[in-house]
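What you see is a predicted model, and the numbers here were worked out from it, not measured in a lab. We use all heavy atoms of the structure for the numbers below, so side chains are in, but hydrogens, waters and symmetry mates are not. In what follows, chains are A, B, ... by sequence order, proteins preceding strands, each numbered from 1.
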Number of protein chains: 2
Amino acid sequence: MEPRKPVRERLLDAADALLFVEGAFATPVDTILKAAGASPPSLYSHFGNKEGLIAAALHRRYEVWKQVWDDEIAAAPDDAGRVLALWNALRTYQSERMTERWCAFTGTAAAFPDPAPELREILDLETALLRDRLLETATPIAGERAEALASALMVTYAGTMALMLREPYEKAIDEGRAGAASLCAAFA
Amino acid sequence: MEPRKPVRERLLDAADALLFVEGAFATPVDTILKAAGASPPSLYSHFGNKEGLIAAALHRRYEVWKQVWDDEIAAAPDDAGRVLALWNALRTYQSERMTERWCAFTGTAAAFPDPAPELREILDLETALLRDRLLETATPIAGERAEALASALMVTYAGTMALMLREPYEKAIDEGRAGAASLCAAFA
DNA sequence: GTCTATACGAGGATAGAC
DNA sequence: GTCTATCCTCGTATAGAC
């Protein structure tokens with residue numbers, strides 16, 4: 001056994017592994033504490049409250065997710081590939097860590113109609129990342145119509161995630177990717 | 001004052017008006033009871049439990065929603081119009097009753113990872129309705145590629161709803177409709 | 001910094017009277 | 001069939017010791 005991680009990290013690990021499977025509401029703090037081998041005061045002293053823990057877990061996810069997406073963009077062979085990299089990244093990301101049911105960010109937004117400021121911040125950050133990157137990758141393809149393409153891709157990405165609630169996630173990713181490819185072709 | 005509706009209906013009205021605004025989890029039974037002017041035993045004798053009430057409320061929504069969509073399809077001028085009728089229906093439906101934050105069905109699916117059978121049933125019913133109708137309306141446009149178009153439209157519909165969690169719903173509907181229109185053009 | 005133990009409130013559901 | 005009153009569980013958060 002290696003030396004134990006500090007409690008803060010253990011809590012984040014457990015939160016990340018549990019919160020987005022059944023959903024933030026359906027996962028009691030108690031379950032996270034047990035998985036982390038931690039006690040209530042550790043959680044509340046480090047993160048303030050449950051929403052604080054969720055926000056911190058989402059921050060970690062955000063960084064990992066951005067990196068995975070970056071790598072896929074860098075590996076893409078052409079302009080359309082750099083758009084579709086988002087769906088490749090989904091495949092990679094999900095196959096590596098798939099326990100979650102669907103998008104951790106959208107799921108959190110759905111669970112908290114009136115999120116704490118720190119929670120809203122990370123949710124908005126991810127939305128902005130999506131919008132910005134999609135516009136960037138859409139521009140070489142669609143030129144002046146890049147904003148329209150980026151919008152349609154944003155809808156397609158959100159739909160890919162939401163479809164995971166209605167059917168197996170591999171199918172959702174495949175359907176989303178195919179839709180995005182059609183859009184790229186239409187705007188080329 | 002007109003004579004009061006039976007309790008069962010009052011409960012359904014209240015549930016429908018409240019459950020899908022803040023979400024099924026965030027709306028306590030208590031709130032629904034107060035709004036309905038009803039007592040706990042009325043709810044539990046009529047619907048069994050909270051999930052039963054939600055399932056019943058969704059059933060009513062399903063019927064209304066199907067009708068609104070039907071009417072928009074009937075009023076559409078051409079093949080592409082019959083596809084886009086779905087987004088027109090969203091506008092109509094939402095502008096008439098918009099208190100809810102986003103899709104009542106997807107939101108319920110997200111809130112209950114392991115729904116009671118009656119709940120799963122109505123959720124699956126709506127998914128099937130979407131798939132069937134989209135394939136029907138896609139066929140005159142895309143012919144043999146109708147399934148691919150229908151899939152992409154399904155993603156676009158799911159994304160339209162999910163985007164409502166990240167931005168104002170009118171914008172989400174507009175972006176979704178534009179995406180659907182691009183897809184129709186691409187498959188024509 | 002981290003733990004044990006506990007307070008506090010909320011939410012879902014029921015017993016029993018009318 | 002419907003109500004009043006209540007129970008009981010669960011979930012978040014804190015007090016105080018180590």
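As a whole-Å value, the separation of B:Asp30 CG from D:dT4 C1' is 14 Å. Distance A:Leu43 CG to D:dT14 P: 11 Å, rounded to the nearest Å. Look at CZ on B:Phe47: it is 18 Å from C1' on C:dT14, rounded to the nearest Å. With rounding to whole Å, B:Phe25 atom CZ is found 9 Å from D:dG11 atom P. Taking atom OH of residue A:Tyr44 and atom P of nucleotide C:dA7, one finds them 17 Å apart after rounding to whole Å. In this structure, A:Lys34 atom NZ and D:dC10 atom P are separated by 11 Å, rounded to whole Å. One interatomic measurement links the two molecules: CD of A:Glu9 to P of C:dT2, which rounds to 12 Å at whole-angstrom precision. Whole-Å rounding puts the A:Leu33 CG to C:dC3 P distance at 9 Å.
Within a 6.0 Å radius of CD in B:Glu147, other residues, nucleotides and ligands contribute 12 heavy atoms or fewer.
Among the nucleotides D:dT14, C:dT14, D:dC3, the one closest to any side-chain atom of A:Pro40 is D:dT14. If you check D:dT12, C:dT2, C:dT14 against the side chain of A:Pro28, the one that comes closest is D:dT12. Closest to the side chain of B:Ser42, out of D:dC3, C:dA13, D:dA13, is D:dC3. Listed nucleotides: D:dT2, C:dT2, D:dT12. Nearest to the side chain of A:Val29: D:dT12. Distances were taken from every side-chain heavy atom of A:Asn49 (C-beta onward) to each of D:dA13, C:dT2, D:dC3; the shortest belongs to D:dA13. For A:Arg10, taking side-chain heavy atoms from C-beta onward, the closest of the listed nucleotides D:dT14, D:dT2, C:dC3 is C:dC3. Comparing C:dC3, C:dA13, D:dC3 against the side chain of A:Ser39 picks out C:dC3 as the nearest.
Contact check for A:Glu121 versus A:Leu125: no side-chain heavy atoms found under the 4.5 Å cut-off.
In this view, B:Asp16 and B:Arg61, B:Arg97 satisfy the side-chain hydrogen bond (donor to acceptor under 3.5 Å, both in side chains) rule, not counting sequence neighbours.
Taking a cutoff of 4.0 Å between a charged side-chain nitrogen and a carboxylate oxygen, B:Asp124 and B:Arg131 do not qualify as a salt bridge. Ion pairing between B:Arg82 and B:Asp79 holds under the 4.0 Å rule for side-chain N and carboxylate O.
The phosphate of C:dG1 (OP1 or OP2) has no side-chain N or O of A:Ser45 nearer than 4.0 angstrom. Listed pair A:His46 / C:dG1 fails the phosphate criterion, with no side-chain N or O lying under 4.0 Å from OP1 or OP2.
When every heavy atom of A:Leu183 is checked against every heavy atom of B:Gly179, the shortest pair comes out as CD2-O, 4.2 Å. Minimum heavy-atom separation, B:Ala180 to B:Leu84: CB-CD2, 3.7 Å.
Mapping A:Ala26 and A:Gly48 onto DNA chain D by nearest heavy atom places A:Ala26 at the nucleotide closer to the 5' end.
Among the heavy atoms of the strands lying under 4.0 Å from B:Gly37 are primed sugar atoms or P, OP1, OP2 only; no base atom is included.
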Pairs under 3.5 angstrom, nitrogen or oxygen only, protein versus nucleotides 15-18 of chain D, please.
none

Derivation and outcome, salt bridge (charged side-chain N to carboxylate O under 4.0 Å, His left out), residues A:Asp70 and A:Lys66: CA-CA 6 Å; A:Asp70 264 341; A:Lys66 190 164 70 169; over 6 Å; no
